[in-house]
**Student:** 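Below are the structure tokens for one structure; questions will follow.
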Amino acid sequence: MDQRVNKPNNQFMNYWMVKTEPSSYSWEDLLSKKEEIWDGVRNYQARNFLKEMKLGDPVLVYHSGKDRAVVGLAEVSEEAFPDPKDADWVAVRLKAKSSLPKSVSLQAIKEEDRLSEMLMLRQSRLSVMSVTQAEFELLMRLSK
DNA sequence: GCCAACGTTGGC
DNA sequence: GCCAACGTTGGC
């Protein structure tokens with residue numbers, strides 16, 4: 001089933017999640033910088049997702065490591081372009097939107113049946129992944 | 001600190 | 001093309 005939804009301008013909108021290890025780059029870093037090139041992704045599946053990202057798509061930011069929680073909401077502010085460090089790969093630009101009022105922990109995600117199919121659970125090592133509209137909306141509700 | 005799950009590399 | 005060895009990620 002196609003989980004995408006029409007935007008007013010008739011383009012498809014997708015929902016995404018990116019993982020980051022806060023000790024190397026945190027949500028707070030993105031918040032204070034407002035915008036950042038999201039590069040360094042060296043996995044083919046993740047690269048394919050980066051290439052599918054469209055301007056304005058919502059992007060959830062997840063902290064791996066000690067935090068293990070979805071902490072912030074960003075959006076795609078520039079679609080895929082060659083990774084400045086290695087043109088065989090791609091990067092996007094992300095713009096911080098808002099911190100989640102309440103972060104959603106990995107544990108909370110695991111305890112929620114309706115999130116049991118999430119890619120982040122099925123493929124725990126993937127650092128860029130798609131999120132269905134239903135999953136996105138439920139996560140946003142859990143963050144309030 | 002350990003380990004499972006992957007992904008990559010290199011010998012054959 | 002197979003597979004063992006190795007490196008990395010990320011949860012526990």
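Proteins come first, then strands; the chains are lettered A, B, ... in the order of their sequence lines, and each starts at number 1. Values below: every heavy atom of this structure, side chains too, minus hydrogens, waters and symmetry copies.
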**Student:** Nearest of C:dG11, B:dA5, C:dG10 to any side-chain atom of A:Ser127?
**Tutor:**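 Between C:dG11, B:dA5, C:dG10, the one nearest the side chain of A:Ser127 would be C:dG10.
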**Student:** Measure CD/A:Gln123 against P/C:dT9 and give the value in whole Å, please.
**Tutor:** 16 Å
**Student:** Can you tell me how far C1' of B:dT8 sits from CH2 of A:Trp89, to the nearest Å?
**Tutor:**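 So the two atoms are 11 Å apart, to the nearest Å.
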**Student:** How many whole angstroms separate atom CD of A:Gln107 from atom P of C:dC12?
**Tutor:**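 Checked: the CD to P distance equals 9 Å.
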**Student:** Test your reading of the model: is there a side-chain donor-acceptor pair from A:Arg68 to the backbone of A:Lys66, 3.5 Å cut-off?
**Tutor:** yes
**Student:** A:Tyr44 has a side chain; which of B:dT8, C:dT8, B:dG7 sits nearest to it?
**Tutor:**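 Nearest listed nucleotide: B:dT8.
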**Student:** Once you round it to whole Å, what is the distance between C1' of C:dC12 and CG of A:Leu121?
**Tutor:** 15 Å
**Student:** Taking A:Lys19 for its side chain and A:Leu126 for its backbone only, find out whether a donor-acceptor pair lies under 3.5 Å.
**Tutor:**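 Looks like yes, one N/O pair under 3.5 Å.
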**Student:** To the nearest Å, give me how far apart CZ (A:Arg125) and C1' (B:dC3) are.
**Tutor:**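 So the two atoms are 12 Å apart, to the nearest Å.
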**Student:** OG of A:Ser98 to CD of A:Glu75: how many Å apart, nearest 0.5 Å?
**Tutor:**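 Going from OG on A:Ser98 over to CD on A:Glu75, the span is 10.0 Å.
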**Student:** Send over the distance from A:Met17 CE to C:dG10 P, rounded to a whole Å.
**Tutor:** 13 Å
**Student:** Are any side-chain N or O atoms of A:Glu36 and backbone N or O atoms of A:Trp38, one a donor and one an acceptor, separated by less than 3.5 Å?
**Tutor:**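 Pair absent, no side-chain N/O of A:Glu36 close to backbone of A:Trp38.
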**Student:** What's the OH-P distance between A:Tyr62 and C:dG10, to the nearest Å?
**Tutor:**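 From A:Tyr62 OH to C:dG10 P: 9 Å.
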**Student:** Between C1' on C:dT9 and CG on A:Asn43, what's the gap in Å once rounded to a whole number?
**Tutor:** 11 Å
